Visitor: 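Would you mind keeping the following structure in view while I ask a few things?
The structure presented is a predicted model; accordingly, all values stated were derived computationally and were not measured.
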Amino acid sequence: IKVLGSFQLYQKKDSGEIYVRLLAESITKCESANKNNIGKSLIEHIKTHPIKPKPFPLKRNINLYIIIPKSIDAKSTSDVMSKLENPIYNDILNIIEAPCDMMNISEIIRAVRNAPSDIDVIAITRGGSSNNGVDISLFDNIELYDAISNLYIHRTIGIGHTNDRLLLEMTIDYVAQ
């Protein structure tokens with residue numbers, strides 16, 4: 001069974017009790033898996049996606065579609081946007097923001113799939129710290145990998161810290177932790 005959603009594990013400080021919360025957005029039946037084929041099918045699937053690196057577009061007007069956290073107090077959003085809103089970029093950069101709930105993988109996938117057809121660069125940004133118990137492993141998602149790898153535009157992510165690694169990085173042109 002494939003469950004698409006989020007998983008949270010937290011502990012009450014006063015009692016030490018541990019709680020698990022699973023928020024399922026969709027549930028689908030998948031092929032049966034055993035010890036021998038559970039990792040193999042994922043690896044075989046990834047191998048079917050040819051690596052198509054796309055260089056950064058060197059042109060006068062660049063359309064940047066940036067998927068950012070919905071939360072207005074997200075530090076990653078303010079960090080990234082403060083750099084992009086620099087006056088030196090005003091004449092060459094057209095920024096299209098797509099605010100998303102960064103704990104909702106379905107919403108992130110939908111934002112990637114709904115990217116405007118005339119964009120030159122897509123970027124996904126999120127800080128590296130745990131967000132209400134949901135860490136960046138949420139981005140190790142094969143549907144997100146498929147959605148972004150099918151775009152033949154310059155792909156950038158800014159997720160996590162320097163030592164973090166994601167499945168998504170295999171199809172990204174520029175990784176900025």
Visitor: Can you name the closest pair of heavy atoms from P57 and H154 and give their distance?
Guide: CD-CB, 4.0 Å
Visitor: Please round to the nearest 0.5 Å and tell me the distance separating atom CG of L151 and atom CD1 of I119.
Guide: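 The distance works out to 6.5 Å.
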Visitor: Find the distance between CD1 (I62) and CG (N94) and round it off to the nearest 0.5 Å.
Guide: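 Separation between the atoms: 10.5 Å.
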Visitor: Between R60 and I92, does a side-chain contact (heavy atoms from CB on, under 4.5 Å) hold up when you go through it step by step?
Guide: CA-CA 5 Å; R60 193 88 168 107; I92 60 169; 3.8 Å; yes
Visitor: Could you tell me if the side chain of I157 sits less than 4.5 Å from the side chain of E169, heavy atoms only?
Guide: yes
Visitor: Does one hydrophobic cluster hold both I172 and I109, with members joined at side-chain heavy-atom distances below 4.5 Å?
Guide: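 Cluster IDs for I172 and I109 match.
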Visitor: Would you compute the distance between atom CD1 of I148 and atom CG of N141 and round it to the nearest 0.5 angstrom?
Guide: 12.0 Å
Visitor: Among the clusters formed by ILVMFWY side chains lying less than 4.5 Å apart, do Y174 and I159 turn up in the same one?
Guide: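 Result: no, two separate clusters.
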Visitor: Taking P55's backbone N and O only, do any of them form a donor-acceptor pair with D173's side chain (distance below 3.5 Å, no angle check)?
Guide: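 Checking the backbone N and O of P55 against the side chain of D173, no donor-acceptor pair under 3.5 Å is found.
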Visitor: In this structure, would L144 and V175 fall into the same cluster of hydrophobic residues linked by side-chain contacts under 4.5 Å?
Guide: yes
Visitor: Please determine whether residues Y152 and I96 belong to a single hydrophobic cluster, defined as Ile, Leu, Val, Met, Phe, Trp and Tyr linked transitively by side-chain heavy-atom distances below 4.5 Å.
Guide: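 Looking at the clustering, I96 is in a separate group from Y152.
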Visitor: Indicate the atoms forming the closest heavy-atom contact of E107 with D101, along with that distance.
Guide: OE2-N, 3.0 Å
Visitor: Counting only N and O atoms by type, is there a donor-acceptor contact under 3.5 Å from the side chain of Y65 to the main-chain atoms of S117?
Guide: no
Visitor: Would you find a donor on one side and an acceptor on the other, under 3.5 Å apart, between the side chain of T171 and the backbone of L168?
Guide: no
Visitor: Does atom CG (N114) have a neighbourhood of more than 12 heavy atoms from anything else shown, all under 6.0 Å?
Guide: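 Counting other residues, nucleotides and ligands, CG of N114 exceeds 12 neighbours.
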Visitor: Out of curiosity, does I108 fall in the hydrophobic cluster containing I153 (side-chain heavy atoms, cut-off under 4.5 Å, transitive links)?
Guide: yes
Visitor: Nearest 0.5 angstrom please: L64 CG to L84 CG, how far?
Guide: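 Output value for this atom pair is 6.0 Å.
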Visitor: To the nearest 0.5 angstrom, please state how far the CD1 atom of I124 sits from the CE atom of M102.
Guide: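 Interatomic distance, I124 CD1 to M102 CE, rounded to 0.5 Å: 7.0 Å.
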Visitor: To the nearest 0.5 Å, what is the distance between SG on C100 and CZ on R126?
Guide: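 Output value for this atom pair is 12.5 Å.
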Visitor: Report the C-alpha separation of Y89 and I95 in whole Å, then their side-chain angles, then the decisive distance to 0.1 Å, and conclude whether the side-chain contact (heavy atoms from CB on, under 4.5 Å) test is met.
Guide: CA-CA 10 Å; Y89 300 127; I95 301 170; over 6 Å; no
Visitor: Distance-only, no hydrogens or angles: does the R113 side chain make a donor-acceptor pair with backbone N or O of A147 under 3.5 Å?
Guide: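 Not confirmed, R113 side chain does not pair with A147 backbone.
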Visitor: Is atom CZ of F56 surrounded by more than 12 heavy atoms (other residues, nucleotides or ligands) closer than 6.0 Å?
Guide: yes
Visitor: Taking all atoms of both residues into account, what is the closest heavy-atom pair of I68 and E97, and its distance?
Guide: CD1-OE1, 3.3 Å
